[in-house]
J.: 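Can you read through this structure? Questions will come right after.
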Amino acid sequence: MAFYRGEEGSVNFKNSSGTTEAVVSTRNWSLTVNKELLECTDHGDTSRAYVGGLISATGSVELLYTAASSNETENFVEDCLVAEDAGDAVFELFLDTSGSKKLSFSGVVTSTDFSASVGDLETITVSFTSNGAITSAV
């Protein structure tokens, strides 16, 4: 049985047409996928019944601030400043270094949190919401 370590994960991003590129200095990422629950209990039933509904996801990426420019990391951080976002940014969240284990989807960057603490490296946390189907190759 193979186990994957956290340092094998990575993030690719593209906020316009073209190929996704790596978000450098990624410290961690998370993705929570949710499925709506729809009740379909009939009158007279003594137990509730449910079916799955629409799927959505939210997540975040934490990265170390490097002041790098002219790369996808800068675009990733600044995508929150786009007011009329079409929701077509492409996200790829990798679980391994080979690039074969990933979750990919289009989405919208919903917030960017900048953090600076004495005695620690500066970090940026970017949050997002999926837009459309999520492709899983895990």
Side-chain angles (χ1 to χ4, degrees):
M1 177 185 301
F3 292 97
Y4 295 91
R5 297 181 309 275
E7 65 264 14
E8 295 182 71
S10 62
V11 176
N12 281 7
F13 177 79
K14 188 67 177 173
N15 67 353
S16 58
S17 62
T19 306
T20 61
E21 296 178 28
V23 174
V24 298
S25 300
T26 299
R27 186 179 235 181
N28 63 60
W29 63 262
S30 68
L31 180 70
T32 302
V33 180
N34 296 298
K35 184 187 304 184
E36 289 181 359
L37 192 59
L38 305 174
E39 186 175 348
C40 59
T41 308
D42 291 333
H43 287 281
D45 287 351
T46 58
S47 298
R48 295 195 182 277
Y50 298 94
V51 296
L54 299 174
I55 296 170
S56 64
T58 58
S60 65
V61 175
E62 182 183 66
L63 52 109
L64 299 174
Y65 178 64
T66 62
S69 61
S70 302
N71 63 37
E72 222 40 57
T73 304
E74 179 183 24
N75 293 332
F76 184 53
V77 170
E78 293 184 354
D79 202 55
C80 190
L81 300 174
V82 177
E84 295 184 20
D85 195 325
D88 59 353
V90 178
F91 295 78
E92 293 178 328
L93 307 177
F94 292 92
L95 296 163
D96 67 345
T97 54
S98 72
S100 63
K101 307 276 186 210
K102 70 178 180 177
L103 299 152
S104 55
F105 53 91
S106 293
V108 177
V109 172
T110 57
S111 68
T112 305
D113 179 41
F114 299 84
S115 176
S117 299
V118 174
D120 199 3
L121 298 173
E122 293 184 19
T123 60
I124 301 171
T125 302
V126 178
S127 298
F128 52 84
T129 299
S130 66
N131 184 24
I134 300 165
T135 303
S136 174
V138 296

J.: Which heavy atom of Gly87 sits nearest a heavy atom of Ser106, and at what distance?
T.: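 Distance-wise, the nearest heavy atoms are O-CB, 3.7 Å.
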
J.: Could you tell me if the side chain of Leu31 sits less than 4.5 Å from the side chain of Phe105, heavy atoms only?
T.: yes

J.: Return the minimal non-hydrogen interatomic distance between Thr41 and Ala49, and the atom names on each side.
T.: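 Where Thr41 meets Ala49 most closely, the heavy atoms are OG1-N, 2.9 Å.
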
J.: Working to the nearest 0.5 Å, report the span between CG of Leu103 and OG1 of Thr135.
T.: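 Interatomic distance, Leu103 CG to Thr135 OG1, rounded to 0.5 Å: 9.0 Å.
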
J.: Got a second to check how far Asn28's CG is from Ser60's OG, nearest 0.5 Å?
T.: 6.5 Å

J.: Quick one: pull up CZ in Arg48 and SG in Cys40 and give me the separation to the nearest 0.5 Å.
T.: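 Answer rounded to 0.5 Å: 11.5 Å.
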
J.: Tell me whether Glu78 contacts the main-chain N or O of Asn75 through its side chain, where contact means a donor paired with an acceptor under 3.5 Å.
T.: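 No, because the side chain of Glu78 does not come within donor-acceptor range (under 3.5 Å) of the backbone of Asn75.
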
J.: Between Glu92 and Ser104, does any side-chain donor sit less than 3.5 Å from a side-chain acceptor?
T.: no

J.: Would you say that Val33 contacts Ile55 through its side chain, given a criterion of any heavy-atom pair below 4.5 Å between the two side chains?
T.: yes

J.: If hydrophobic clusters are built from ILVMFWY residues whose side chains come within less than 4.5 Å, do Val23 and Leu95 share one?
T.: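 Yes; tracing contacts between hydrophobic side chains, which count when under 4.5 Å, links both residues.
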
J.: Among Asn15, Val24, Leu63, Asn12, find the residue that satisfies the side-chain contact (heavy atoms from CB on, under 4.5 Å) test when tested with Phe76.
T.: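 Among the candidates, only Leu63 passes.
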
J.: Glu122 and Ala116: which non-hydrogen atoms are nearest, and at how many Å?
T.: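 Looking at all heavy atoms of both residues, the shortest contact is CG-CB, 3.8 Å.
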
J.: Out of curiosity, Asn131 CG to Asp88 CG, how far, rounded to the nearest 0.5 Å?
T.: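 One gets 8.5 Å once the value is rounded to the nearest 0.5 Å.
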
J.: Taking side chain as C-beta onward, heavy atoms only, is Phe114 less than 4.5 Å from Thr123?
T.: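 Heavy-atom side-chain distance check fails, nothing below 4.5 Å.
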
J.: Over all heavy atoms of both residues, which pair between Val109 and Asp85 is shortest? Give the atoms and the distance, please.
T.: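 Minimum heavy-atom contact is N-OD2, 4.4 Å.
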
J.: Nearest 0.5 Å, please: how far is NZ in Lys102 from OG1 in Thr20?
T.: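 Atom-to-atom, Thr20:OG1 and Lys102:NZ are 6.5 Å apart.
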
J.: Give the cluster check for Val138 versus Val11: same hydrophobic cluster or not, with ILVMFWY residues linked at side-chain heavy-atom distances below 4.5 Å.
T.: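 Linked, Val138 and Val11 end up in one cluster.
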
J.: Do Val90 and Val108 share a hydrophobic cluster, counting only Ile, Leu, Val, Met, Phe, Trp and Tyr and linking them when any side-chain heavy atoms are less than 4.5 Å apart?
T.: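 Shared cluster, no.
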
J.: How about Phe91 and Phe128: are their ring centres within less than 6.0 Å of each other?
T.: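 They qualify: ring centres under 6.0 Å apart.
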
J.: What pair of heavy atoms forms the shortest contact from Ile134 to Ala57, and how long is it?
T.: CD1-CB, 3.4 Å

J.: Scan side-chain atoms only and decide if Asp96 and Ser98 contain a donor-acceptor pair under the 3.5 Å cut-off.
T.: yes

J.: Any idea which heavy atoms bring Ala22 and Thr73 closest together, and the distance?
T.: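 So the two residues come closest at O-OG1, 4.1 Å.
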
J.: Can you measure from SG (Cys80) to CD1 (Ile124) and round to the nearest 0.5 angstrom?
T.: 12.0 Å

J.: Applying side-chain contact (heavy atoms from CB on, under 4.5 Å) to Leu81 and Asp79, what does each step give before you reach the verdict?
T.: CA-CA 5 Å; Leu81 300 174; Asp79 202 55; over 6 Å; no

J.: Whether the side chain of Asp45 engages the backbone of Asp42 through a donor-acceptor N/O pair (distance < 3.5 Å, no angle test) should be reported.
T.: yes

